[in-house]
Amino acid sequence: MSQPSPRGTFLKIADAVKEQINADMERVELPTLAELMAVHGVSRGVALRAFRALQQEGLAEPVPGGRWRVVRDGEQRDRRPLAERLADVFRTDGLKVGDAFPSTSALADRFDVSRPTIAKALDKLAAEGLLSESRQGKQRTVLTMPGREERS
């Protein structure tokens with residue numbers, strides 16, 4: 001007896017995940033690669049192809065850490081690098097030179113990412129001279145505003 005052809009298996013898996021997405025409108029995170037591999041008995045490559053098929057349909061997108069999330073119709077996401085989005089905080093929070101910059105924890109909650117991820121992005125802003133360097137127990141302060149040449 002011959003084995004069933006694996007061709008199209010990833011599309012069947014993608015369809016099964018679509019059903020999960022449509023059945024639970026609150027779902028934001030998709031199953032992990034390991035979960036898809038175990039449930040469907042497929043290789044990592046086949047599971048990745050299923051996620052990529054969902055991505056091409058605009059239903060899923062990768063997130064840091066190797067996970068995938070659901071993309072809902074009409075949902076707008078800021079796809080700029082985190083350091084660029086953090087630079088917007090200067091303007092949106094009305095910060096001035098010498099002001100304290102929001103804490104790593106507050107920014108992690110605000111941007112829905114981990115504190116280490118925020119810390120790396122803040123280090124980039126510090127390297128650009130916009131913020132003071134990180135020191136334990138000391139809050140970062142604004143050294144200059146984005147887009148300006150003068151430094152404090």
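Only this structure's heavy atoms are used, side chains among them; waters, hydrogens and symmetry mates stay out.
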Nearest-0.5 Å distance that lies between atom CG in Leu107 and atom CZ in Arg85: 11.5 Å
Pairs flagged by ring-ring contact (aromatic ring centres under 6.0 Å, His included) wherever residues 25-47 is involved - sequence neighbours left out: none
Least distance between heavy atoms, Ser114 atom then Ala108 atom: C-CB, 4.1 Å
Residue pairs involving residues 122-144 (criterion ring-ring contact (aromatic ring centres under 6.0 Å, His included); sequence neighbours excluded): none
Close side-chain approach of Pro81 and Lys124, heavy atoms under 4.5 Å: no
Check against side-chain contact (heavy atoms from CB on, under 4.5 Å), Leu59 and Val71: CA-CA 5 Å; Leu59 297 173; Val71 176; 5.9 Å; no
Cluster check Leu48, Leu11: I/L/V/M/F/W/Y, side chain < 4.5 angstrom: yes
Contacts of Glu133 that satisfy side chain to side chain contact (heavy atoms under 4.5 Å, CB included) - sequence neighbours left out: Ala126
Partners passing salt bridge (charged side-chain N to carboxylate O under 4.0 Å, His left out) against Asp123 (at least two apart in sequence or in another chain): Arg140
Ile21 side chain near Arg72 side chain, heavy-atom distance below 4.5 Å: yes
Rounded distance [0.5 Å steps], OG in Ser105 versus CZ in Arg115: 4.5 Å
Arg91: side chain to side chain contact (heavy atoms under 4.5 Å, CB included) partners, not counting sequence neighbours: Asp88
Distance-minimising heavy-atom pair for Ala121 and Leu86: CB-CD1, 3.4 Å
From Leu36 atom CG to Leu30 atom CG, the distance as rounded to the nearest 0.5 Å: 8.0 Å
Polar side-chain atom of Arg27 near backbone of Glu29 as donor-acceptor pair, under 3.5 Å: yes
Min side-chain heavy-atom separation Leu122-Leu131 under 4.5 Å: yes
Within-4.5 Å side-chain heavy-atom neighbours: Leu82 and Ile118: yes
Approximate separation, where rounding is to 0.5 Å, of Ile13 CD1 and Lys18 NZ: 13.0 Å
Crowding at CZ, Arg110 (>12 non-hydrogen neighbours, <6.0 Å): yes
Closest non-hydrogen atom pair between Ala14 and Ala53, with its separation: CB-CB, 4.3 Å
Test item: Arg69 side-chain N/O and Ala60 main-chain N/O as donor-acceptor pair under 3.5 Å: no
Exercise answer: donor-acceptor pairs, residues 94-102 side-chain atoms, under 3.5 Å, sequence neighbours excluded:
residue	atom	partner	partner atom	Å
Asp99	OD2	Lys96	N	2.7

Straight-line distance of Asp15 CG to Phe10 CZ, nearest 0.5 Å: 10.0 Å
Backbone of Thr32 reached by a side-chain donor or acceptor of Glu35 within 3.5 Å: yes
Approximate separation, where rounding is to 0.5 Å, of Arg44 CZ and Arg49 CZ: 14.5 Å
Side-chain heavy-atom pair Met37, Ser43 within 4.5 angstrom cut-off: no
Ser132 side-chain N/O to Thr141 backbone N/O, donor-acceptor pair under 3.5 Å: yes
